[in-house]
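The block underneath contains the structure these notes are about, expressed in structure tokens.
Both counts, for ligands and for their atoms, begin at 1 and track the order of listing. Index from 1, following the sequence.
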Amino acid sequence: MNRYSKGAIILHWLMAVMIIGNLAGGFLHDFVPTEGGQRSLVMGLHKSFGLTIIALSLVRLGWRLANPPPDFPHYFTSGERLLAKAGHGGFYLVMLALPLTGWVMADRNTRPLSFFGITDVPKFGVDKAVADSAHELHETLGWVMLALLALHLLALVKHQLLDRDNLLVRMGLGKGRRAGV
Ligand code: HEM
Ligand code: HEM
């Protein structure tokens, strides 16, 4: 079975781990105790990984344009192709827009925006109203990302259990079971 390029595979898994971690950190941050600076540690990591995701999304977008993905297996219906393309395109959009709204909303407080404690990253200097709208958008896009992830995983389960075509191979995991697809 055709695979994505090595670069696409590495970026996919590296970013999947970071994005899932950031979704968890973002949605669960209210439950992290503030004592001992635990919440600020979690949110500090959230912001730093989020900024990293912006840089990686740009690299990935460039990589994707330079390295077209492998063709879908021949038995994919036109509906399946359309859904997969829409889902993947949606991921690319949200992968960039979601952390960008996070960066814009950093103006809601006066503390410097630290990148892993190594350096401070400049803020946009927007007014409170804009930063507050970015906050709302950040939350909404967080839900959109979660919904896309759920659809992505549902599609995968459908392919594993019903089509039994082991699409994971295309993303670098394991060996293909069906030759020639
Ligand atoms: C792909 C990367 C990111 C993901 C998946 C993500 C996801 C989320 C989610 C789901 C929430 C919870 C929203 C809510 O319920 O209010 C959240 C909150 C937050 N995010 Fe992000 N985020 C990302 C990047 C960033 C970046 C780059 C920054 C800042 C530089 C940031 C700053 C924050 C802050 C400060 C909150 C807490 C908001 C509050 O107090 O309610 N995020 N994030
Ligand atoms: C938030 C996390 C994730 C994001 C943002 C994401 C995003 C993407 C994107 C954009 C593609 C299309 C390839 C490309 O153009 O780069 C893709 C393909 C794929 N993903 Fe994910 N993914 C995530 C998590 C996962 C997880 C957890 C799994 C498996 C357990 C997975 C399995 C796959 C597979 C098998 C493909 C290949 C689909 C095909 O045959 O074309 N992904 N993913």
Side-chain angles (χ1 to χ4, degrees), residues 1-5 7-32 39-40 42-57 60-61 63-65 67-73 76 80-81 83-109 111-115 121-124 131-132 134-157 159-160 163 165-174 181:
M1 182 177 290
N2 293 335
R3 290 177 187 237
Y4 281 83
S5 61
I9 292 174
I10 292 170
L11 284 164
H12 175 270
W13 292 112
L14 186 66
M15 294 186 70
V17 170
M18 287 189 187
I19 293 173
I20 292 169
N22 255 27
L23 283 172
F27 281 129
L28 300 176
H29 84 283
D30 280 348
F31 302 101
V32 181
R39 192 181 296 175
S40 31
V42 168
M43 288 322 281
L45 289 173
H46 179 94
K47 293 178 202 175
S48 300
F49 277 114
L51 292 168
T52 311
I53 290 166
I54 297 179
L56 289 178
S57 299
R60 186 165 175 187
L61 206 59
W63 185 274
R64 176 69 143 74
L65 294 174
N67 301 274
D71 286 340
F72 288 123
F76 264 40
E80 270 180 314
R81 283 164 206 263
L83 261 181
K85 279 189 184 160
H88 295 168
F91 261 147
Y92 271 90
L93 273 179
V94 180
M95 235 157 25
L96 202 55
L98 172 57
L100 273 176
T101 56
W103 193 356
V104 172
M105 82 198 218
D107 276 306
R108 289 168 81 230
N109 67 52
R111 268 171 285 128
L113 177 56
S114 167
F115 182 72
V121 175
K123 298 186 190 180
F124 288 89
D132 285 346
H135 180 205
E136 277 181 26
L137 203 54
H138 195 65
E139 187 178 350
T140 308
L141 289 176
W143 287 109
V144 173
M145 178 67 102
L146 201 62
L148 283 173
L149 180 59
L151 289 175
H152 197 53
L153 295 182
L154 265 179
L156 205 68
V157 168
H159 279 279
Q160 290 300 114
D163 303 336
D165 52 2
N166 202 11
L167 283 190
L168 282 168
V169 171
R170 282 165 58 84
M171 213 23 110
L173 290 189
V181 282

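Look at His159 and you'll find every heavy atom at least 4.0 Å from all atoms of ligand 2. Proximity of Leu153 to ligand 2 is established by a heavy-atom distance of less than 4.0 Å.
Ligand 2 has a nitrogen or oxygen under 3.5 angstrom from a nitrogen or oxygen of Arg60. The shortest N or O to N or O distance between Arg64 and ligand 2 is under 3.5 Å.
Excluding waters, the set of protein N, O or S atoms lying under 2.8 Å from atom 21 (Fe) of ligand 1 comprises His46 NE2, His138 NE2. Protein N/O/S atoms closer than 2.8 Å to atom 21 (Fe) of ligand 2: His12 NE2, His152 NE2.
In terms of protein heavy atoms, atom 14 (C) of ligand 1 is closest to Glu139 CG, 3.5 Å. Of all protein heavy atoms, the one closest to atom 16 (O) of ligand 2 is Tyr92 OH, 2.8 Å. Given atom 40 (O) of ligand 2, the protein heavy atom at minimum distance is Arg170 NE, 2.5 Å. For atom 1 (C) of ligand 2, the nearest non-hydrogen atom of the protein is Ile19 CG2, 3.6 Å. Closest protein heavy atom to atom 11 (C) of ligand 2: His88 CD2, 3.7 Å. Regarding atom 13 (C) of ligand 2, its nearest protein heavy-atom neighbour is Tyr4 CE2, 3.5 Å. Among all non-hydrogen protein atoms, the one lying nearest atom 28 (C) of ligand 2 is Trp13 CH2, 3.6 Å.
If you number the atoms of ligand 1 from 1 as listed, the ones under 4.0 Å from a heavy atom of Met105 come out as 19 (C), 20 (N), 33 (C), 34 (C), 35 (C), 36 (C), 38 (C). Counting atoms of ligand 1 from 1 in the listed order, those under 4.0 Å from a heavy atom of Leu51 are 27 (C). Taking a cut-off of under 4.0 Å to the non-hydrogen atoms of Leu149, the atoms of ligand 2 that pass are 1 (C), 2 (C), 24 (C). Contact atoms of ligand 1 toward Ile53: 1 (C), 2 (C) (distance under 4.0 Å to a heavy atom of the residue).
The two residues Arg39 and Asp30 make their nearest non-hydrogen contact at NH2-O, 3.2 Å. Nearest heavy-atom pair, Trp63 versus Ala8, reported as atom, atom and distance to 0.1 Å: NE1-N, 3.3 Å. Nearest heavy atoms, Gly142 versus Leu23: O-CD2, 3.7 Å. Nearest approach of Gly50 to Pro99, heavy atoms of both residues: O-CB, 3.5 Å. The minimum heavy-atom distance linking Val94 with Met145 is given by the pair CG1-CB, 3.9 Å. Closest approach of Leu148 and Gly87 over heavy atoms only: CD2-O, 4.2 Å.
Contacts between Met95 and ligand 1 below 4.0 angstrom, taking non-hydrogen atoms only, are absent altogether.
Between Phe124 and Trp103, the ring-plane angle classifies as perpendicular under the 30° and 60° cut-offs.
Residues Asp163 and Glu80 meet the side-chain proximity criterion, which asks for heavy atoms closer than 4.5 Å. The closest side-chain heavy-atom distance from Thr52 to Phe115 is below 4.5 Å. Residues Met105 and Leu137 form no side-chain contact, since every pair of their non-hydrogen atoms from C-beta on lies 4.5 Å or further apart. Counting heavy atoms from C-beta on, the side chains of Leu56 and Met18 come closer than 4.5 Å. No side-chain heavy atom of Asp71 sits under 4.5 Å from any side-chain heavy atom of Arg81. Within the 4.5 Å cutoff, no side-chain heavy atoms of His159 are placed close to those of Arg170.
Remark: the backbone N or O of Gly102 is paired with a side-chain donor or acceptor of His138 at under 3.5 angstrom.
In terms of the ring-ring contact (aromatic ring centres under 6.0 Å, His included) criterion, residue partners of Phe27 (sequence neighbours excluded) are, by chain and number, Trp143. Partners of Arg60 according to the side-chain contact (heavy atoms from CB on, under 4.5 Å) rule, which considers only residues two or more places apart in sequence or in another chain, are Leu11, His12, Met15, Tyr92, Met95.
Nearest-heavy-atom check against atom 19 (C) of ligand 1 across Glu136, His29, Met43, His135 picks out Met43. Counting heavy atoms only, Phe27 comes closest to atom 10 (C) of ligand 1 of the residues Phe49, Phe115, Trp103, Phe27.
For the atom pair Ile19 CD1 and Leu146 CG, the distance stands at 12.0 Å (nearest 0.5 Å). From Leu51, atom CG reaches atom CG of Leu100 across 9.5 Å, with rounding to the nearest 0.5 Å.
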